[in-house]
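Along the sequence shown, residues are numbered consecutively beginning with 1. Scope of the values below: all heavy atoms of this structure, side chains included, with no hydrogens, waters or symmetry mates.
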Amino acid sequence: MVMRQDDLQKGLPSFSIVLETENLATADLNGLINTIEALAQQDPPPTTANEVLLIDSGDTPPEVLAHLCQRYSWIKLHPAAVENYYSAKMLGAKLSTGAIVVYYDCDCLYAPGWLRTMLTSFTHPDIQIVAGETTTRSVGIYGTAMALSYIFPQYSGQKISTPVKQYFLNNVAFRREFLLQYPIPTDLPLYRGHCVIHAHELGQKGYVIWNQPQAKATHAPPYGLSHFFWRFLLIGHDYFWQKKLLKETASSNRTMSGMKGKMQVFYDRVSKMVANNPRHLIFFPLAMPIVICSAILIYIGYRITSWKPHYLLETYDKILER
């Protein structure tokens with residue numbers, strides 16, 4: 001891959017940015033507009049990327065896409081009838097030409113300097129994957145509840161890169177050749193969580209995922225009652241399939257699901273949530289009923305899937321097609 005001259009002097013590798021519109025089937029459309037604007041403010045600017053690929057799965061009104069492409073001429077729109085979120089992401093990697101593929105999501109907002117932090121983390125040729133930290137956005141009764149119960153943990157508070165066992169595909173960068181050699185699986189019976197399986201497989205092969213705590217992003221909480229209801233049911237669905245696919249033993253399942261382990265995870269999240277934003281304490285008592293509802297939905301989703309493994313995802317897909 002050939003570096004651009006200005007970035008060569010700065011020591012940055014060539015890079016491509018990939019985002020998709022598949023998430024917009026259930027998210028606030030304004031999220032796409034806001035996240036593109038946040039990308040325009042990044043350092044280095046997106047104009048220095050080999051390409052900024054927007055994989056459009058047909059979930060965005062054509063007039064919105066036309067407006068974005070007119071306003072941000074560096075966006076390279078690629079319509080594609082992809083099967084799911086992960087198919088869109090992998091298609092982006094195949095179409096990219098940069099040495100580094102940086103993944104960006106339409107329902108996230110990224111801190112200033114996020115892009116430079118990600119790129120400068122590839123300081124050694126053995127570093128193949130750099131994962132930033134994503135947490136749930138907003139404070140308030142609902143925001144605090146989602147900070148406690150949604151899939152994204154709180155910021156770790158660490159200052160240096162450390163090895164981790166997982167990444168989120170909305171905030172991660174890969175060496176392109178490595179990712180094409182070890183692609184994210186796209187045909188799993190999961191709604192989300194394919195990257196959990198991918199991370200496990202890479203760990204089994206001896207590869208390290210490096211967490212970069214200074215590359216911060218925030219993710220929108222579930223948007224609306226229907227999205228909230230289905231999202232937590234499907235978290236339960238995904239938990240069931242992840243355990244099945246990873247072939248965990250009954251003993252390890254009991255350890256992971258034990259009350260002591262759950263309380264430790266909850267305490268850790270509460271302490272980091274308050275450290276990151278003390279305002280959460282104000283809303284904590286009123287948020288707990290929503291947290292309990294979330295946990296119940298996850299449990300119901302897990303049990304339904306253990307009884308009828310494909311029912312929830314197939315039903316949800318039919319709802320989206322209407």
Pair [X], [Y]: side-chain N/O donor-acceptor within cut-off below 3.5 Å:
X    : Y    : result
E83  : T186 : no
R192 : Y86  : no
D107 : H219 : yes

F240 ring center within less than 6.0 Å of Y302 ring center: yes
Centroid-centroid distance, Y142 to F283, less than 6.0 Å: no
ring-ring contact (aromatic ring centres under 6.0 Å, His included), paired with F174, selected from F15, Y167, Y182: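 Of all the options given, the one that passes is Y167.
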Applying a strict under-4.5 Å side-chain criterion to I, L, V, M, F, W and Y, I'd like to know whether [X] and [Y] cluster together.
X    : Y    : value
Y155 : W210 : no
L190 : I319 : yes
F168 : L109 : no

Which value, rounded to the nearest 0.5 Å, describes the distance between [X] atom [atom1] and [Y] atom [atom2]?
X    : Y    : atom1 : atom2 : value
L312 : I235 : CG    : CD1   : 12.5 Å
D187 : S87  : CG    : OG    : 8.5 Å
L233 : I304 : CG    : CD1   : 6.0 Å
S121 : R116 : OG    : CZ    : 11.5 Å
L313 : D317 : CG    : CG    : 4.5 Å
Q128 : I100 : CD    : CD1   : 8.5 Å

Name of the residue among L39, N50, I75 meeting side chain to side chain contact (heavy atoms under 4.5 Å, CB included) with I17: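 Among L39, N50, I75, the one that satisfies the side chain to side chain contact (heavy atoms under 4.5 Å, CB included) with I17 is L39.
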Between [X] and [Y], what is the shortest heavy-atom contact and its length?
X    : Y    : result
S57  : V82  : CB-CG2, 3.8 Å
I151 : R269 : O-NH2, 3.9 Å
H78  : L91  : CD2-CD2, 3.9 Å
P189 : H237 : O-NE2, 3.0 Å
P222 : M146 : CD-SD, 3.7 Å
L19  : K89  : CA-NZ, 4.3 Å

Result of checking E133, Q166, K165 against N211 for side-chain hydrogen bond (donor to acceptor under 3.5 Å, both in side chains): E133
Verdict with supporting geometry, V52 and T47, side-chain contact (heavy atoms from CB on, under 4.5 Å): CA-CA 8 Å; V52 178; T47 52; over 6 Å; no
Please examine the side chains of [Y] and [X], heavy atoms only from C-beta on, and report whether any two atoms are closer than 4.5 Å.
X    : Y    : value
S16  : V102 : no
I55  : L95  : yes
D105 : T35  : no
L54  : L65  : yes
Y150 : S294 : no
Y267 : K272 : no
L179 : M90  : yes
V101 : Y103 : yes

E37/R71 under salt bridge (charged side-chain N to carboxylate O under 4.0 Å, His left out): CA gap, chis, key distance, verdict: CA-CA 10 Å; E37 179 59 31; R71 182 172 180 179; 3.7 Å; yes
Evaluation steps, salt bridge (charged side-chain N to carboxylate O under 4.0 Å, His left out), between D238 and K243: CA-CA 9 Å; D238 287 347; K243 287 185 176 183; over 6 Å; no
Residue pairs passing the ring-ring contact (aromatic ring centres under 6.0 Å, His included) test where at least one lies in residues 109-131, sequence neighbours excluded: Y104-Y110, Y104-W114, Y110-W114
With sequence neighbours excluded, residues passing ring-ring contact (aromatic ring centres under 6.0 Å, His included) with W230: Y316
ring-ring contact (aromatic ring centres under 6.0 Å, His included) partners for Y299, two or more places apart: none
Verdict with supporting geometry, K159 and Q214, side-chain contact (heavy atoms from CB on, under 4.5 Å): CA-CA 7 Å; K159 302 299 182 183; Q214 304 307 312; 4.2 Å; yes
ring-ring contact (aromatic ring centres under 6.0 Å, His included) between Y207 and F178, intermediate numbers included: CA-CA 11 Å; Y207 294 106; F178 175 84; 4.9 Å; yes
Any donor-acceptor pair under 3.5 Å from R137 side chain to P221 backbone: no
S96 side chain vs G98 backbone, donor-acceptor pair below 3.5 Å: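 Not a single qualifying donor-acceptor pair exists.
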Basic-acidic side-chain contact under 4.0 Å: D126, R175: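 Salt bridge: no.
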Within 6.0 Å of CD in E63, more than 12 heavy atoms from elsewhere: yes
Chi angles and distances behind the side-chain contact (heavy atoms from CB on, under 4.5 Å) call for T134, T218: CA-CA 5 Å; T134 303; T218 59; over 6 Å; no
From CA spacing to verdict: side-chain contact (heavy atoms from CB on, under 4.5 Å), N171, M118: CA-CA 9 Å; N171 189 359; M118 293 293 278; 3.9 Å; yes
